[in-house]
Amino acid sequence: MANFKSVKINKGNHGWGGPLTVKPDAKKKYVISVTGGGIDPVAQKIADLTGAEVVDAFKNPVPKEETFAAVIDCGGTARSGVYPKMGIPTINTIAITPAGPLAKYIKDSIFVSGVTADDIEKGIDVSTTSEASQDSITNESDVEDLEKVSDNTKKDSRQEPADKGNWLLRIIDAVGNVAGDFVNTFYQAGRDTIDTLIKNVLPFMAFVATLVGIINYSGIGKILANILSPLAGNIFGLVILSLICALPFLSPILGPAGVIAAVVGTLIGQQIATGVVPLQLALPALFAIDSQVGADFIPVGLTLGEAQPETISSGAPAILFSRLITAPVSVLIAYAVSFLL
């Protein structure tokens, strides 16, 4: 039987969360690297110190029941939230804070960010973070059950006066309950929308605006524009551009946060505005620079769908290679439709 050891993982520079103490066992013996670039050094060091096995989850996915830790490089909210939601201690090599629709699952007891190999040290063999996370999940479920009981009690207390009253009071009570649920649902949706807007959309807009400003002020924008103009100025160049963005080994790198597409799109837009690029190429240009969208999310999306490891290992490369076919086809279709606009 393998002699597993625990490790302590501290947050890195400008990081958040933790520290986490994780330890594999006979059942959960894998640390997965979901970074898109092979085995990350952080995942490798965790495996070396614990005696566990490290796996590139993009190529060889393993069941969540056999995973004791996940190493990611997510600058957004998908991978950062999906593994904590499943109760898997998550180590992000990028320094981020909880945000997005899965932020409620990103807790300092199960998530740490900004981690480098230097932030990992030998730990004391105590109960693992995964067990603590399961306890917290159990406690959360208990709280939810208590809330349900409380809600049911409140509903019963609301219904008592109606049962004792006449039919008019019962109708008023029913209408009030429906209206209250309706208002509460949309109010919560508004809160979630504003939260997502403030924590994700606005910072990304500010980042892209700053990046584009630096590119234009430094003169790099003109250089990139001169390089892109031959490709963006005709349909054949856009087809080539879509193929470049859809290359299986390049698209997962270009995908995160859509920064490349945003910058290139802004530059092409400037070329269209100045008349260098014809206006009818705006729509096919959009499809050309967005052929890599979601390429980094494919394994995570399949995991969210609870796909089998064999399905993920076969489906991820299949979708990536299919982009080489669908990307130029979408550009050609968009070019044909652009004549009708």
Side-chain angles (χ1 to χ4, degrees), residues 7 9-22 24 28 30-47 50 52-64 66-120 128-130 133 199-200 204 251-259 292 294-307 309 312-313 316 320:
V7 292
I9 306 168
N10 302 300
K11 65 181 180 181
N13 189 25
H14 302 297
W16 182 91
L20 303 183
T21 300
V22 296
K28 295 185 176 184
Y30 295 106
V31 51
I32 60 174
S33 178
V34 196
T35 55
I39 303 297
D40 190 89
V42 172
Q44 186 62 59
K45 186 170 182 179
I46 293 175
T50 60
E53 183 176 348
V54 60
V55 176
D56 183 352
F58 273 96
K59 297 180 179 179
N60 302 299
V62 297
K64 62 181 180 180
E66 300 179 11
T67 304
F68 80 92
V71 177
I72 62 175
D73 61 347
C74 178
T77 61
R79 279 175 286 173
S80 296
V82 65
Y83 292 108
K85 183 180 179 182
M86 293 189 294
I88 299 176
T90 305
I91 301 96
N92 197 344
T93 59
I94 298 177
I96 68 165
T97 55
L102 298 178
K104 62 181 180 181
Y105 300 105
I106 306 175
K107 301 179 179 180
D108 56 6
S109 61
I110 199 172
F111 181 87
V112 62
S113 66
V115 179
T116 65
D118 296 333
D119 299 315
I120 303 172
T128 62
T129 304
S130 60
S133 64
K199 292 184 178 180
N200 295 291
F204 177 71
S251 56
I253 301 175
L254 298 178
V259 175
Q292 84 289 348
D296 63 316
F297 185 72
I298 294 171
V300 180
L302 291 173
T303 301
L304 282 173
E306 298 183 355
I312 300 176
S313 60
L320 292 177

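The model shown is predicted, which means the values in this text are computed figures rather than measured ones.
- Checking D119, V31, V112 one by one against I91, the side chain to side chain contact (heavy atoms under 4.5 Å, CB included) holds for a single residue, V112.
- Scanning all heavy atoms of the two residues, the minimum distance from P84 to F111 falls at CG-CD1, 4.2 Å.
- In plain terms, the two heavy atoms of V34 and F58 that are nearest each other are C-CE1, 3.5 Å.
- Side-chain contact of S80 with N92: a donor-acceptor pair under 3.5 Å is present, judged by distance alone.
- Shown here for V42 and A117, the closest heavy-atom pair between the two residues is CG2-N, 3.8 Å.
- Using a 4.5 Å cut-off on side-chain heavy atoms (C-beta onward), Y83 and T67 make no contact.
- The environment of K45 atom NZ is dense: over 12 non-hydrogen atoms of other residues, nucleotides or ligands sit within 6.0 angstrom.
- The NZ atom of K85 sits 4.5 Å away from atom OH of Y105, with the distance rounded to the nearest 0.5 Å.
- Side chain of S113 to main chain of I96: a donor-acceptor pair is present (N/O by atom type, distance under 3.5 Å, no hydrogens or angles).
- With contacts defined as side-chain heavy-atom distances shorter than 4.5 Å, the pair I9/V115 qualifies.
- For the pair D108 and W16, the tightest heavy-atom approach, listed with the atom from each and the gap, is N-CH2, 3.4 Å.
- Atom CG of D118 and atom CG of N10 lie 11.0 Å apart (nearest 0.5 Å).
- Counting heavy atoms from C-beta on, the side chains of V54 and I46 never come closer than 4.5 Å.
- Among all heavy-atom pairs drawn from A57 and I32, the shortest one is CB-CB, 4.0 Å.
- The shortest heavy-atom contact between S33 and A43 is CB-CB, 3.9 Å.
- For the pair T90 (side chain) and I88 (backbone), a donor-acceptor distance under 3.5 Å is present.
- With hydrogens and angles disregarded, no donor-acceptor distance shorter than 3.5 Å links the side chain of T93 to the backbone of T116.
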